[in-house]
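Since the structure comes first, as structure tokens, the remarks are kept for the end.
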Amino acid sequence: QVQLVESGGGSVQAGGSLNLSCAASGFPYSEYCVAWFRQGPGKEREGVSGINLDDGTTYSADSVKGRFTISRDVKNTVYLQMTDLKTEDTAMYYCAALSHTGDNIVQIGDTVFALDAWGQGTLVTVSS
């Protein structure tokens, strides 16, 4: 069973930086993508960024390109480095395990995935 444990988040002023971590485990095979989604107040859920665990291919929403960087380590911990944060980045951020087959469809940018599991979420608040 896939498990995702998030850490990081918090409050920062606009222009600042924050880092999120997601310790991911329990994958039945290697062809998984671990990603970050967010949902801000009154907004729909948005796929922010993802990374393939096997080959390191990354995916990002246009809204965060050039500001957010996703990476992984050999223990399948996925990191989201967020810089130049804006007030509109305020949201609950969720780590997610994504595969390429399944019925629960989600997107990061133009790339479609199947959602397998969510983490518990971590709050990011950006003040002006």
Side-chain angles (χ1 to χ4, degrees):
Q1 183 176 358
V2 175
Q3 291 189 321
L4 305 165
V5 179
E6 298 130 330
S7 60
S11 298
V12 67
Q13 288 193 320
S17 301
L18 281 174
N19 296 320
L20 305 180
S21 299
C22 175
S25 62
F27 295 102
Y29 49 86
S30 62
E31 290 80 15
Y32 265 84
C33 174
V34 175
W36 289 95
F37 286 73
R38 67 185 180 185
Q39 188 161 20
K43 296 182 181 179
E44 293 188 352
R45 182 185 64 197
E46 176 187 24
V48 175
S49 191
I51 185 166
N52 286 352
L53 295 182
D54 54 356
D55 65 7
T57 299
T58 60
Y59 311 88
S60 288
D62 287 343
S63 59
V64 304
K65 284 180 180 176
R67 300 189 299 122
F68 291 11
T69 302
I70 193 166
S71 61
R72 75 195 193 299
D73 65 18
V74 294
K75 295 185 178 179
N76 287 342
T77 296
V78 172
Y79 304 95
L80 186 68
Q81 296 174 286
M82 305 184 292
T83 63
D84 190 22
L85 283 160
K86 306 176 186 301
T87 55
E88 52 263 41
D89 295 318
T90 294
M92 187 69 77
Y93 283 71
Y94 298 91
C95 185
L98 310 178
S99 62
H100 298 286
T101 57
D103 297 327
N104 194 352
I105 301 301
V106 294
Q107 281 184 251
I108 302 173
D110 295 330
T111 306
V112 175
F113 300 89
L115 174 67
D116 275 23
W118 287 114
Q120 79 280 6
T122 186
L123 182 62
V124 171
T125 303
V126 184
S127 59
S128 58

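Dense packing is recorded around CD of Gln120, with more than 12 heavy atoms of other residues, nucleotides or ligands lying under 6.0 Å away.
Look at Asp62 and Lys65 and you find a salt bridge, because one of the NZ, NE, NH1 or NH2 atoms lies within 4.0 Å of a carboxylate O, short of that distance.
Separating the CG atom in Leu80 from the OG1 atom in Thr122 is a distance of 11.0 Å, to the nearest 0.5 Å. Put simply, CG on Asp89 and CG on Leu18 are 10.0 Å apart, with the number rounded to the nearest 0.5 Å. With rounding to the nearest 0.5 Å, the separation of OG1 in Thr69 from CG in Asn19 is 9.5 Å.
Ring to ring, Tyr94 and Phe37 are not that close: their centroids are 6.0 angstrom or more apart.
Using a 4.5 Å heavy-atom threshold, the side chains of Trp36 and Leu20 count as touching. A heavy-atom distance below 4.5 Å is found between the side chains of Leu85 and Phe68.
Glu6 places a side-chain N or O within 3.5 Å of a backbone atom of Cys95 that can act as its donor or acceptor partner. Side-chain atoms of Arg38 never come within 3.5 Å of backbone atoms of Ala91 as a donor-acceptor pair (strictly under, hydrogens ignored).
No side-chain donor from either of Ser17 and Gln81 sits under 3.5 Å from a side-chain acceptor of the other. For the residue pair Tyr79/Asp73, the side-chain donor-acceptor check at 3.5 Å is satisfied.
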Original post:
For Ile51 and Val78, what are the C-alpha separation, side-chain angles and deciding distance, and is it a side-chain contact (heavy atoms from CB on, under 4.5 Å)?
Top reply: CA-CA 8 Å; Ile51 185 166; Val78 172; 3.9 Å; yes
Original post:
Does the pair Ser49 and Ser60 meet the rule for a side-chain hydrogen bond (donor to acceptor under 3.5 Å, both in side chains), with working shown?
Top reply: CA-CA 4 Å; Ser49 191; Ser60 288; 3.3 Å; yes
**OP:** Determine, stepwise, if the pair Asp116 / Tyr32 fulfils side-chain hydrogen bond (donor to acceptor under 3.5 Å, both in side chains).
**Re:** CA-CA 9 Å; Asp116 275 23; Tyr32 265 84; 2.4 Å; yes
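Ring pair His100/Phe113 is tilted by interplanar angle, where 30° to 60° counts as tilted.
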